[in-house]
**Q** 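Below are the structure tokens for one structure; questions will follow.
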Amino acid sequence: MSRRRHSDEGDAGSQPHKRRRTSEPIEIEDRLESLICRVGEKSTSSLESNLEGLAGVLEADLPNYKGKILRILCAVARLLPEKLTVYTTLVGLLNARNYNFGGEFVEAMIRQLKETLKSNLYSEALYLVRFLSDLVNCHVIAAPSMVAMFENFVSVTQEEDIPQVRSDWYVYAVLSSLPWVGKELYEKKDVEMDRLFNQIEGYLKQRQKTHVPMLQVWTAEKPHPQEEYLDCLWAQVQKLKKDRWQERHILRPYIAFDSVLCEALQHNLPPFTPPAHSDDAVYPMPHVVFRMFDYTDAPEGPVMPGSHSVERFVIEENLHCIIKSHWRERKTCAAQLLSYPGKNKIPLNYHIVEVIFGELFQLPSPPHIDVMYTALLIELCKLQPGSLPQVLAQATEMMYMRLDTMNTICIDRLINWFSHHLSNFQFRWSWDDWADCLTQDIEKPKPKFVKEVLEKCMRLSYHQRIVDIVPPSFSALIPANPVCSYKYEEETECPLPGLAMATTVSNAIKNRASNEEILIVLKDVPNPNQDDDDDEGDGFNPLKIEVFLQTLLHLAAKSFSHSFSALAKFHEVLKNLTDSDEGKLHILRVLYEFWRNHPQMISVLVDKLIRTQIVDCAAVANWIFSPEMAHDFTRFYVWEILHSTIRKMNKHVQKIQKELDEAKEKLEKQQNKKVEKQIFLTAETLLFKPHIREHKDDMEKNSEDEEGQLEEQIERLQEKVESAQSEQKNLFLVIFQRFIMLLTEHLVRCETSGIDINTTWYKNCIERLQQIFLMHHVIIQQYMGTLENLLFTAELDHHILAVYQQFCALQL
Amino acid sequence: MSIKLNALFSDSYVDISQYRDQHFKGNRYEQEKLLKQSCTLYVGNLSFYTTEEQVHELFSKSGDVKRIIIGLDKVKKTACGFCFVEYYTRADAENAMRFINGTRLDDRIIRTDWDAGFKEGRQFGRGKSGGQVRDEYRQDYDPARGGYGKLVQKS
């Protein structure tokens, strides 16, 4: 009988049961946390008086709650970077009142910095570095010691045989702190800072930038170049330096306390050596700075800071941090974004929209799930109904205008966002403004975009709705009515082979035939492919598959649930029919033929077929690249299916790996217990406990059996994992191989006919190849050797090889 | 090193609501336990005409949907304005609570809530007339939900 404490029993809530007395320590700690976290929020008193008051409270609580206060302050430094200067001021005030506390805080911060770096928490480490640097402004840390830390950071660029992303991070950490502390450091240590600058400049000049094209949202340089993030920041810091470090955007509460703070004694940062590089270090990937607006876009009101101004950097950083802190609660997030301090001096709505789309379009992946951004933009529209919807419309219009050079992956996300957004606003849009797309070839980016948007809008509503919302001139872009195409409709001029069989099968199913009965009926279907020596008739028979599946799908066409039930009910028949690879491919072909007007249905059925193991992932990949699918090859739904298939494969491998790990853990625990038991049994028998002696053999045998079973299970799981990993690798190889074949064909054909390779189809295809690399980069990293030796060899056309090389450059 | 700062990073959209299924077989504690680990959502305020396909499209935005069960009028066996959406993982269901709850489907603001898990029979409305209870007593006219409430219709 386990000993349970009263507080565990029957307590429905997640809070541990607390008896509340007014000065209970837990209460006070919660209150401290609340006070510290909430300082700086909207209040009737000024920020300065709130900080002053809080500093007094904390100082008084130091004797009893120092540890807790230290931990809370370290946490806000790490987790609330958008309120950086509020908390550095607070620490400054505390340091002025209690020098020892200041010292302990700095030490705790350094410990925390070391831990975050070791744990690959690079964005948090960045905020800590920035916090420390702002503490110089608050007279907590002496400027020379901060410069020394920066020098150690920059010296990482001299390390040999390290990935570029490692030295990148340390340089970024220095540069991104300078908007806050550049002035102060330059005033105190200009010679050293100049030297640092030169080193950084030298480093940036020789950096590899192969990865940049793969991460850009637009391929065009105009109107806004998509700059690599370090290049952009360097330009911004250089401009700031030229402006003598005059920066007017950052809120600096410590200025009001200057007289108090400059009396304080400063601490020296202990010498900080960046932790050495290790193989399991995962540095942040490089990124490209997303820009879509400049000062010409905001019609009236405050001017948007230029792309190389440090204000732009600070605003964007803070907005990203707010989203990072509050993404789970969209109302709070929207409110926090809209109450950005200093909002009256900038066109805030434009900044917010730009930052949000920047995240949504970020390559390889957005920081948060796509649908969050849709929900957030809707909340923002609710809070600012008079201004934000217009900015959003303007942004949408701009992005439409620039579709020709937009990365296909980003277009996908734009399609998803726009259609979902419209569905929340009765699909109201000025489609006529986009009438220019009607005169273009339907495969061109603009008409293609409109077509895909309308298809997605239809999925969220119904066909007639789409017909109603667009002008009649757009009829060519309206999606097909999602009805099925049953080839065995009765009474045609030339009855198809299999028509009679289809009727038989249909009746059998309606009469609740079993799987065996259906298989017997199907035995009579002639095989158009059959050689005379194939006696059994069990080989691949395309007609059998067509007759059965078309009929089944037709009977179940009413809804997804009907179709899922049908597939489940006749699983055995389907398994039988798809025993071979050809069978698997053919079932997908038949499915496509039947539901070609309803891509959504195709997607969900392919998903079910994989999950019920009627087809495997490689079959889906081969089907997508087959000549029959060439017509739909550039359609969005096809790539959704492929990526969903790859994700299922990845999750499957993860799942079995987890089962294996759990089984291994269990075995280890068993073995430990066994050792304990042995010791216990020996001790007991020594003390003459006869009943234990009797049972000793039984107990030993039981535990051996258990162990044996576990070991067997582990062996089986090990095999399963290996087989799954091999299937996964094979899937990627198939996909890459097919891409290479298709692209090479195109390039050769263009070369021999003397036409430009850059057709619409080519741009789409090569970006789809890029997408495979980007969306699944973690898995693909494992295959680099094979890819390089087998597929992406030097003999390959350089256009295709470039994609591979850019991918390799992402984690240099 | 890591303290959670409960004061700040709340995730209130994911919290369980006050609703408890009166037909649930088990006590309050058991129901709440299931709600807190559930991958199934109840979805309410649907139009009677909203299809499984539309629900699937919308709810797939937060993750792979395992199953959708459209709520039916117990008598007529037609859709009566609610459904269950089951995900493969809890995380995907949580994202639906955060980003799909309170947004529109078929022009209506839909509401999602945790469900202890689908059981046969729960797909039927529990109102006296066969639909949902809320459609028995409401006074307003809602063309997408059969017009006036049943009580109003009878009078």
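Quick note on labels: first sequence line is chain A, next is B, and so on, each numbered from 1.
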**Q** Could you check which of B:His56, B:Arg108, B:Gln31 has the highest count of heavy-atom pairs closer than 4.5 Å to chain A?
**A** B:His56

**Q** Which value, rounded to the nearest 0.5 Å, describes the distance between B:Leu105 atom CG and A:His420 atom NE2?
**A** 8.5 Å

**Q** Where on A:Leu460 is there a heavy atom nearer than 4.5 Å to chain B: the side chain, the backbone, both, or neither?
**A** both

**Q** Tell me which one of A:Glu329, A:Arg328, A:Met372 satisfies side-chain contact (heavy atoms from CB on, under 4.5 Å) with B:Arg98.
**A** A:Arg328

**Q** In this structure, are over 12 heavy atoms from other groups packed under 6.0 Å from B:Tyr148 atom OH?
**A** no

**Q** Counting heavy-atom pairs under 4.5 Å with chain A, which one of B:Glu94, B:Arg104, B:Glu57 comes out on top?
**A** B:Glu57

**Q** Go through the steps for A:Arg465 and B:Asp107 under the test side-chain contact (heavy atoms from CB on, under 4.5 Å), then give the verdict.
**A** CA-CA 12 Å; A:Arg465 189 76 194 278; B:Asp107 296 318; 2.9 Å; yes

**Q** Among A:Met601, A:Lys331, A:Lys456, A:Met458, which has the most heavy-atom pairs under 4.5 Å with chain B?
**A** A:Lys331

**Q** Does any non-hydrogen side-chain atom of A:Arg330 lie less than 4.5 Å from one of B:Tyr13?
**A** yes

**Q** Which answer fits A:Gln426, side chain, backbone, both or neither, if we ask what part of it has an atom under 4.5 Å from a heavy atom of chain B?
**A** both

**Q** So, the side chain of B:Glu52 versus the backbone of A:Ser559: is there a donor-acceptor pair under 3.5 Å, distance only?
**A** no

**Q** Tell me if the NZ atom of A:Lys558 is crowded by more than 12 foreign heavy atoms within 6.0 Å.
**A** no

**Q** Looking at B:Lys119, I want to see if its NZ is surrounded by more than 12 non-hydrogen atoms of other residues, nucleotides or ligands under 6.0 Å.
**A** no

**Q** More than 12 heavy atoms of other residues, nucleotides or ligands under 6.0 Å from OH of B:Tyr49: is that the case?
**A** no

**Q** Any non-hydrogen side-chain atom of B:Phe99 less than 4.5 Å from a side-chain atom of A:Ile369?
**A** yes

**Q** Under a 4.5 Å cutoff for heavy-atom pairs, which residue among A:Trp327, A:Phe427, A:Phe564, A:Phe425 has the most contacts with chain B?
**A** A:Trp327

**Q** For residues A:Asp370 and B:Lys61, determine if any side-chain heavy atom of one lies less than 4.5 Å from a side-chain heavy atom of the other.
**A** no

**Q** Determine whether more than 12 heavy atoms belonging to other residues, nucleotides or ligands lie under 6.0 Å from atom NZ of A:Lys324.
**A** yes

**Q** Determine, for A:Lys648 against B:Asp64, whether the closest basic-nitrogen to carboxylate-oxygen distance falls under 4.0 angstrom.
**A** no

**Q** Identify which part of B:Leu58 has an atom lying under 4.5 Å from any heavy atom of chain A, answering side chain, backbone, both or neither.
**A** both

**Q** Looking at chain B, which one of A:Asn424, A:Leu376, A:Asp607 has the largest number of heavy-atom pairs inside 4.5 Å, strictly under?
**A** A:Asn424

**Q** At what distance, to the nearest 0.5 angstrom, does OG of A:Ser461 lie from CD of B:Glu53?
**A** 12.5 Å

**Q** Has A:Arg31 got more than 12 heavy atoms of other residues, nucleotides or ligands less than 6.0 Å from its CZ?
**A** no

**Q** Check each atom of A:Lys608 against the heavy atoms of chain B and say whether the ones under 4.5 Å are side chain, backbone, both or neither.
**A** side chain

**Q** Is the number of heavy atoms from other residues, nucleotides or ligands within 6.0 Å of NZ (A:Lys658) greater than 12?
**A** no

**Q** Can you tell me which portion of B:Asp11 sits under 4.5 Å from chain A's heavy atoms? Options are side chain, backbone, both or neither.
**A** both

**Q** Can you tell me how far CD of A:Gln600 sits from OG of B:Ser60, rounded to the nearest 0.5 angstrom?
**A** 7.5 Å

**Q** Is B:Ile68 in contact with chain A via its backbone, its side chain, both, or neither, using a 4.5 Å heavy-atom distance?
**A** backbone

